[in-house]
S.K.: 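Handing you this structure, nothing more for now.
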Amino acid sequence: MAVTNCCRSIRQNVYDRESATKPERWPLLRAKVKVTGIVQGVGFRPFIYRTAVTIGLKGYVKNRGDAGVEILLEGGEQAIKNFLEDLKEKKPPLAQIYDIITTTLEGREEYDKFTIEKSSNETELSGSVIPPDIAICNDCLRELRDPKDPRYEYFFITCTNCGPRFTIIEKLPYDRENTTMRTFPMCGFCLREYKDPLNRRFHAQTVACPQCGPKVYLTDARGKQVKHKDPVREAGKLLSEGHILAIKGYGGFHVATSTTKETPLTKLREVKHRSQKPFAIMARSLEAIKTFAIVSTKQVELLTAHTRPIVLLDKSQDYNLSDLVAPGLHNVGVMLPYTGLHYMLFDKVDDAAFVMTSANPPNQPIINDNDEALKALGKTVDYFLFHNRQIAHRCDDSVIRTHNGNVVFLRRSRGYAPAPIMLKEKAKRCVVGLGGELNNTACVLNGDKAFISQHIGDVENVETKAFLETATKHLIRLTTSKVDTIACDLHPKFTTTRLAQDLAQENVWRLVQVQHHYAHVAALMVEHNVDEILGVCCDGYGYGTDGEAWGGEILLCTTGAFGFKRVAHLENQPLIGGDLATRYPLRMAAGMLFDKADVENWLLQNKHNLPHGEEEARIILQQLKKGTGVVETTSCGRVLDAVSAVLSVCFERTYEGEPSMKLESTAMKGRDVLKLKPITRGDALDTTQMLLTIYESRDKYSKADLAYSAYAYLARGLATMAVEKALENGVKNVGFSGGVACNAILSLAMRRIVEAANLHFLVHEAIPPGDGGLSFGQTVASGFSQF
Ligand SMILES: [Zn+2]
Ligand SMILES: [Zn+2]
Ligand SMILES: [Zn+2]
């Protein structure tokens with residue numbers, strides 16, 4: 001028995017394709033072909049069936065318990081060769097092939113036709129995975145609108161090429177009985193299509209129609225059904241009229257309302273305790289988006305992709321939605337409908353868009369159960385639009401922005417998870433990473449693939465911790481990974497660190513703790529397959545190797561992703577009141593400017609921007625005068641917060657990143673009027689003098705110009721230091737990572753400086769620069785090191 005790997009043909013001496021019409025020679029061959037990749041839930045078996053039948057091969061195809069597909073072929077050499085070529089070249093659009101393992105078999109002819117066999121539970125191959133959820137395809141959308149089609153106006157119309165996958169699958173292989181579609185037996189019509197090799201729904205596991213599929217219904221806030229023959233369009237009308245609805249989708253609930261009416265938006269902000277955090281919106285069409293936002297070609301491509309992420313778009317001059325949608329920001333997060341239900345919501349109304357925000361209470365995972373939704377949201381919403389299919393795995397919407405046409409993931413979740421990031425090399429070990437404390441994801445590194453979980457959220461309480469644990473175990477199972485190492489943050493008190501310790505003990509896995517900023521930079525190195533880098537890593541907070549609060553770091557990594565040296569950082573600044581300084585940027589600014597400017601008067605003038613007014617201002621001043629026992633930080637996020645307070649842009653952080661996001665929006669139309677020269681002391685880049693100059697220039701220049709000048713200074717300072725260190729060490733790459741790397745002004749300004757020095761400027765393309773990418777960094781830092 002000969003085994004060949006990776007798409008090599010089964011015999012080297014077979015004749016070429018042109019001679020395929022020659023009569024087949026005897027004896028016939030038998031071959032077993034195992035395919036790994038994203039090959040279940042993408043119409044792969046129907047494709048194999050049609051290909052084999054067309055070529056005249058006999059045998060079978062079946063799904064396996066390891067998410068792979070197994071094919072047995074009987075036929076002539078040339079026919080099998082042609083089949084293997086078609087397998088690679090004509091595969092369905094959503095399929096991804098990682099490996100084709102072909103084995104020639106001895107034995108006699110056994111099959112008289114080609115069939116799709118019952119799936120097996122075999123699991124010896126790892127690395128395959130089921131696909132993410134896929135937005136409704138054009139064929140289904142056309143049928144949804146066709147009065148002659150049996151699925152006309154069916155809200156959950158799907159086919160082999162579209163519909164939910166990740167969010168409905170409970171276990172492998174991907175068969176209907178292993179999904180939450182199990183409770184909806186197919187009617188005669190659906191079954192006929194399911195069994196018809198020529199039909200688009202041949203072996204489509206989500207096939208359903210108004211007769212046999214999930215049903216949608218409307219209830220009031222207490223769960224009492226509101227009888228209506230057209231509940232979806234009625235829900236759309238209720239939204240347009242100014243009601244608040246909870247709408248159940250594929251991977252969770254959205255809370256939805258009008259984008260133009262102040263009353264429901266104000267109520268929603270009050271009950272959700274979200275005074276400022278931007279709401280994502282769903283627009284009826286691209287044309288509708290263009291009435292309020294500017295859309296580039298790249299952004300059109302992203303908005304209409306089958307992944308259907310939320311894309312941050314600049315508000316246009318004609319922006320006519322309420323200011324309560326995305327207060328104080330220059331951009332707004334927009335997505336297009338991705339199910340039949342979403343499209344139908346807009347049918348009977350003229351609204352350009354509806355608010356569609358994830359329905360989770362603060363710091364809780366997304367709600368996925370009807371009863372849970374009633375309990376959690378009954379006081380928030382006026383109505384529920386439910387359906388009766390269970391959600392197996394919750395999955396929030398993904399969020400993307402672009403920097404000059406380059407994709408920047410703010411959140412990589414629905415549409416992307418659990419599809420892997422393909423690496424250039426195979427890892428030395430199989431690692432699971434648990435990420436950090438905020439914006440968490442988990443990641444499984446298996447060979448040359450890294451599978452990042454859906455967005456988990458902030459792991460600060462039992463619910464999110466439990467969600468992280470379930471999602472991690474599910475991901476390990478889905479990818480048939482044999483984990484031997486678990487990676488987590490260096491912080492001794494993080495919930496994720498403790499969970500990693502527990503799991504390591506329970507499963508006898510090696511535990512590796514990875515420093516936060518090094519994980520960010522290691523991620524960048526592996527993403528770009530480089531062995532050396534000067535990594536600039538800017539974010540809010542990460543536990544340093546010295547136990548201090550880091551967040552504005554320049555790390556030198558010269559031996560692959562095996563370790564780092566901290567070569568420079570931002571100046572240490574006092575965090576007056578610890579976490580309170582993160583919440584109230586005035587504290588940060590006061591700490592940085594203390595005894596350099598007339599801070600006492602300034603703080604007292606701004607006392608109304610502190611929750612406890614003058615009393616609090618005086619305590620802050622006392623602490624500063626005493627000067628002892630104050631924690632310090634090198635965080636870039638905190639410096640931007642301080643600038644934001646000095647310019648009166650934002651005095652309270654009600655959501656993560658708020659002061660710096662609003663500062664970026666303020667700076668959008670600014671210029672670098674101050675042209676500050678970088679000041680360095682030892683390995684530290686000054687931030688005090690920078691803030692002081694901005695403080696003293698408040699009456700001379702506009703907020704926009706001063707905000708821009710602050711970014712320009714930081715970009716110049718950080719990039720120049722990184723370039724110097726790179727040249728000193730003969731390193732060709734300078735990278736930018738961490739949550740602050742989502743900032744377009746800073747990233748683009750740094751790129752100009754680095755590229756002017758003839759060095760490569762590397763940023764994240766496939767994973768989030770923020771802490772959503774941390775689990776990936778932890779796994780690659782552990783999976784490629786040589787301990
Ligand atoms: Zn479809
Ligand atoms: Zn049916
Ligand atoms: Zn970070």
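Each ligand, and each atom within it, is numbered from 1 in the order the structure gives. One is the number of the first residue; the rest follow in order along the sequence.
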S.K.: Which angle, to 10 degrees, forms at the Zn ion (ligand 1) with SG of Cys137 on one side and SG of Cys159 on the other?
M.R.: 100°

S.K.: Any donor and acceptor pair, going by atom type alone, linking the side chain of Asp539 with main-chain N or O of Val740 inside 3.5 Å?
M.R.: no

S.K.: When you measure from the side chain of His569 to the backbone N and O of Leu555, does any donor-acceptor pair fall under 3.5 Å?
M.R.: no

S.K.: Closer than 2.8 Å to the Zn ion (ligand 3), do we get an N, O or S atom from Cys537, backbone or side chain?
M.R.: no

S.K.: Give the minimum heavy-atom separation between Gly772 and Thr441, together with the two atoms involved.
M.R.: O-OG1, 2.8 Å

S.K.: Please state the angle at the Zn ion (ligand 1) spanned by SG of Cys162 and SG of Cys140: what is it, rounded to 10 degrees?
M.R.: 100°

S.K.: Checking one value in my table: which N/O/S atom of Asp771 lies closest to the Zn ion (ligand 3)?
M.R.: OD1

S.K.: Restricting to N, O or S, what is the name of the atom of His520 that lies nearest the Zn ion (ligand 3)?
M.R.: NE2

S.K.: Test ring pair (Phe, Tyr, Trp, His ring centres under 6.0 Å) on Phe202 and Tyr49 and set out the steps.
M.R.: CA-CA 10 Å; Phe202 182 44; Tyr49 174 88; 5.3 Å; yes

S.K.: Do you see an N/O/S atom of His516, backbone or side chain, under 2.8 Å from the Zn ion (ligand 3)?
M.R.: yes

S.K.: Taking atom types as modelled, find out whether Ser737 and His764 have a side-chain donor-acceptor pair closer than 3.5 angstrom.
M.R.: yes

S.K.: Are the side chain of Gln778 and the backbone of Gly435 linked by a donor-acceptor contact shorter than 3.5 Å?
M.R.: yes

S.K.: Of all N, O or S atoms in Asp539, identify the one at the shortest distance from the Zn ion (ligand 3).
M.R.: OD2

S.K.: Would you check if Tyr250 and Thr158 make a side-chain contact, meaning some heavy-atom pair closer than 4.5 Å?
M.R.: yes

S.K.: Determine the interplanar angle of the Phe564 and Trp550 rings, folded into 0 to 90°, and report it as parallel if under 30°, tilted if 30 to 60°, perpendicular if over 60°.
M.R.: perpendicular

S.K.: For residues Glu553 and His520, determine if any side-chain heavy atom of one lies less than 4.5 Å from a side-chain heavy atom of the other.
M.R.: no

S.K.: Anything protein N/O/S under 2.8 Å from the Zn ion (ligand 2)? Just list residue and atom, please.
M.R.: Cys187 SG, Cys190 SG, Cys209 SG, Cys212 SG

